[in-house]
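I have placed the structure first, in the form of structure tokens, so that the comments after it can refer back to it.
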Amino acid sequence: MCGVVGLFHAVDPTAPSLALLRRMTDAVRHRGPDGEGVHSEPHLGLGHRRLSIVDLAGGAQPMSIAGGAVTIVFNGEIYNHEALRQQLRAAGHVFQSRSDTEAILHGWREWGLGVLDRLKGMFAFALWDRERGELLLARDRLGEKPMHYATLPDGGLAFGSELAALLAVPGVSARLDPAAVEDYLAFGYVPDPATIYAGIRRMPAGHFLFQRRGETTPPVPRRYWQPPTASVAAPAEAAVELAARLEAAVRAQMMADVPLGAFLSGGVDSASIVAFAAAAAREGKGGPLSTFTIGFTGPNDERPAAAAVAERHGTRHRAETSEADYLSAAREVAVLFGEPFGDHSAVPTLAVCRLARQDVTVALSGDGGDEVLAGYRRYRWHMLAETARACLPAPVRRRVLGTLARAYPKLDRAPRWLRAKNTLTEISLDSAVGYYRTVCKVADERRRGLFSPGWRAALDGHDPMARIGALMDECDPRDPLLAAQYADLHTYLPGDILVKTDRTSMASSLELRPPILDHELVEWGMSLPASLKLRGGVGKHVLRQAMAPHLPQELLWGRKQGFAQAIGSQFRNGAPELRRRLLGGAMLDSGIFDPSAVSQLVEEHASGGSDHSQALWQLLVFEGFLAAQDAGTARALPDLAGA
């Protein structure tokens, strides 16, 4: 796993400064501690930081073939590179290394843009073809690896794995994007293709950017892959086929020349990965698989369930407890991610990454199962709401249920079955609006009330819900579950889950691989009919069936806990510090927020009458981001595991 950076100017032949390229690569040093390289020639400069995984001696980058005719910097892993090599050797290509990076170079020479359709893996790369005068930036289908870019004032293009690399380039503006700030508070992250900075964009998953030497028009991302938008008939033996597909994906992603292990929580996704990986490790005679768990004190501790799976499959298991101070961690999260990031499970995720890195360089994870096979509880509520909508005409829903929802008290801290206000509200709304309300972290009315009048004016009517509505409209309207999954696969998965795992693993110099996100498995799983994914109010039904021979029944059918601690009590006890940080300093100076509205939020939470922990966490991280900007962001990466 690596960090890539670069500069390109289609018209100006000046070779970029090596000193500037080194500043850019230094900004992503944590992504690759094993080596660095820079390359500069007319029109183009590339930089690379390497974490060695495959072909430790021969995989240095930037890498070139054909006497420098084609050069690449690459971040990721191509799991089918051996199969591609065989095809390319048969076509006359000669390889100089065992590296998967070289397979991309020869694949480009043979297939051009068609190479993207042949790659199986996670990747973000920049490839320069000097003979053709063509630059290609590409990102994998699901968005596992990041790529950012910015058009410079002189018409050039800067790009890199993380925002910090682009901010090192003169001419890249650090002006905040008002719409991105609102999206962050709405979703807890900034969805692609935006970033928190108005002048920097994030390449969407499954897209590429292409520019030829001499072109003056700025390039725009083009899609080369998208998940299915309609379901198909159920396969005859869906559970058996899923088990076979998942086992094949796990075995393919165990490719490494360095120690490999796996994350293991109390859930069915990671346990399924461990079941197949442990068997493959035994067959390989490399010793037992290493597994890693972070738990929390209290009734939601997943360590006992993880230990049971580890014992059943004979893994070498390590578990630790997370006792993070989230008030302290909030500022550090902003530095680690380079922009505000509102998922507080990033803190224990970093802890498990650092635990794993003590023993291995590569780890498998269960990420993606909830999106691909409908595991989130919100899918169940969405389908219940859809059933109710189908039984009631829209005017009745809006008039009767909407009135009831407004009259029903908001019970944030009550058991879920008593929180009828949200359920009534969702049913009264149209499908996309209702689903948006379930994924929204800070409700529209509350969120917009937090902004100052000037900032509300700058938003110019921006509506975060429109993104969800547009995505759901792309799907077959007869399959509302797939529409919700499809929206998540374009927003929550690449914007939250995969950003979290990429940044925390890279901060630990650990490569993290999620086999469930094998793109062929994603295409197959997403297209299954709803009855196989969600049945009897239980998600991932077909996966639970598939893993019945391999996992304990109590794990397969028990309730999964979220991977995060409850932070509400910490924020109540820390109310004085909350007031100090959210009502002064960088927050006050920014002019973005209304101090009286923020103060009300703090006081309502501190009194115990409401639970605003999610909104307060997002504001605390935003305060940390503003403070880091004031400090020039020139700070060492944080040690959140000990926060």
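Nothing fancy with the numbering, it's 1 onward along the sequence.
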| query | Looking at Tyr492, is Arg378 sitting on its ring face, NZ or CZ under 6.0 Å from the six-membered ring centre and within 45 degrees of the normal? | reply | yes
| Sole residue of His519, His490, Glu474, Glu523 in side-chain contact (heavy atoms from CB on, under 4.5 Å) with Pro227 | His490
| said: Under 3.5 Å, is there a donor on one side chain and an acceptor on the other for Gln553 and Trp557? | reply: yes
| request: Anything under 30° is parallel, anything over 60° is perpendicular, the rest tilted; go ahead and classify Phe337 against Phe341. | output: parallel
| Looking only at heavy atoms, which two atoms of Thr195 and Ala180 are closest? And how far apart? | O-CB, 3.3 Å
| query | Any side-chain donor-acceptor pair under 3.5 Å between Tyr436 and Asp430? | reply | no
| query | Would you say the side chains of Glu511 and Ser505 form a donor-acceptor pair under 3.5 Å? | reply | no
| So, the side chain of Ser270 versus the backbone of Gly266: is there a donor-acceptor pair under 3.5 Å, distance only? | no
| Who are the side-chain contact (heavy atoms from CB on, under 4.5 Å) partners of Ala271, not counting sequence neighbours? | Leu264, Val309, Leu551, Leu555
| Do Phe276 and His550 pass the side-chain contact (heavy atoms from CB on, under 4.5 Å) test, and can you show the C-alpha distance, the side-chain angles, and the key distance before you say yes or no? | CA-CA 9 Å; Phe276 291 131; His550 307 281; 4.0 Å; yes
| request: Indicate the ring-plane relationship of His605 and His612, choosing parallel, tilted or perpendicular according to the 30° and 60° boundaries. | output: tilted
| task | Indicate the ring-plane relationship of His344 and Trp617, choosing parallel, tilted or perpendicular according to the 30° and 60° boundaries. | result | perpendicular
| field | salt bridge (charged side-chain N to carboxylate O under 4.0 Å, His left out) between Arg139 and Glu144, intermediate numbers included | value | CA-CA 8 Å; Arg139 191 178 182 199; Glu144 295 177 57; over 6 Å; no
| Taking the side chain from Gln253 and the backbone from Val250, do they hold a donor-acceptor pair closer than 3.5 Å? | no
| task | Output, in order, the C-alpha distance, side-chain angles, deciding distance and verdict of salt bridge (charged side-chain N to carboxylate O under 4.0 Å, His left out) for Asp140 and Lys145. | result | CA-CA 7 Å; Asp140 63 68; Lys145 294 292 103 186; over 6 Å; no
| said: Test your reading of the model: is there a side-chain donor-acceptor pair from Arg202 to the backbone of Asp192, 3.5 Å cut-off? | reply: no
| request: Take Arg467 and Asp183 through the salt bridge (charged side-chain N to carboxylate O under 4.0 Å, His left out) test and state the conclusion after the steps. | output: CA-CA 10 Å; Arg467 182 189 309 269; Asp183 282 345; 3.2 Å; yes
| query | Is there a donor-acceptor pair closer than 3.5 Å between any side-chain N or O of Asp518 and the backbone N or O of Leu521? | reply | yes
| Cut-off 3.5 Å, side chains only: do Tyr379 and Asp488 have a donor facing an acceptor? | yes
| Taking the side chain from Tyr79 and the backbone from Met122, do they hold a donor-acceptor pair closer than 3.5 Å? | no
| query | Just by modelled atom types, is the Met526 backbone N or O under 3.5 Å from a matching donor or acceptor in the Lys533 side chain? | reply | yes
| said: Using only atom types and a distance under 3.5 Å, with no angle test, would you say the side chain of Ser231 pairs donor to acceptor with the backbone of Leu528? | reply: no
| salt bridge (charged side-chain N to carboxylate O under 4.0 Å, His left out) with Arg245: which residues, sequence neighbours excluded? | Glu241
| Does the gap between the ring centers of Phe593 and Phe622 come in under 6.0 Å? | yes
| Derivation of the salt bridge (charged side-chain N to carboxylate O under 4.0 Å, His left out) call for Arg446 and Glu604 | CA-CA 13 Å; Arg446 169 73 70 178; Glu604 287 179 358; 3.2 Å; yes
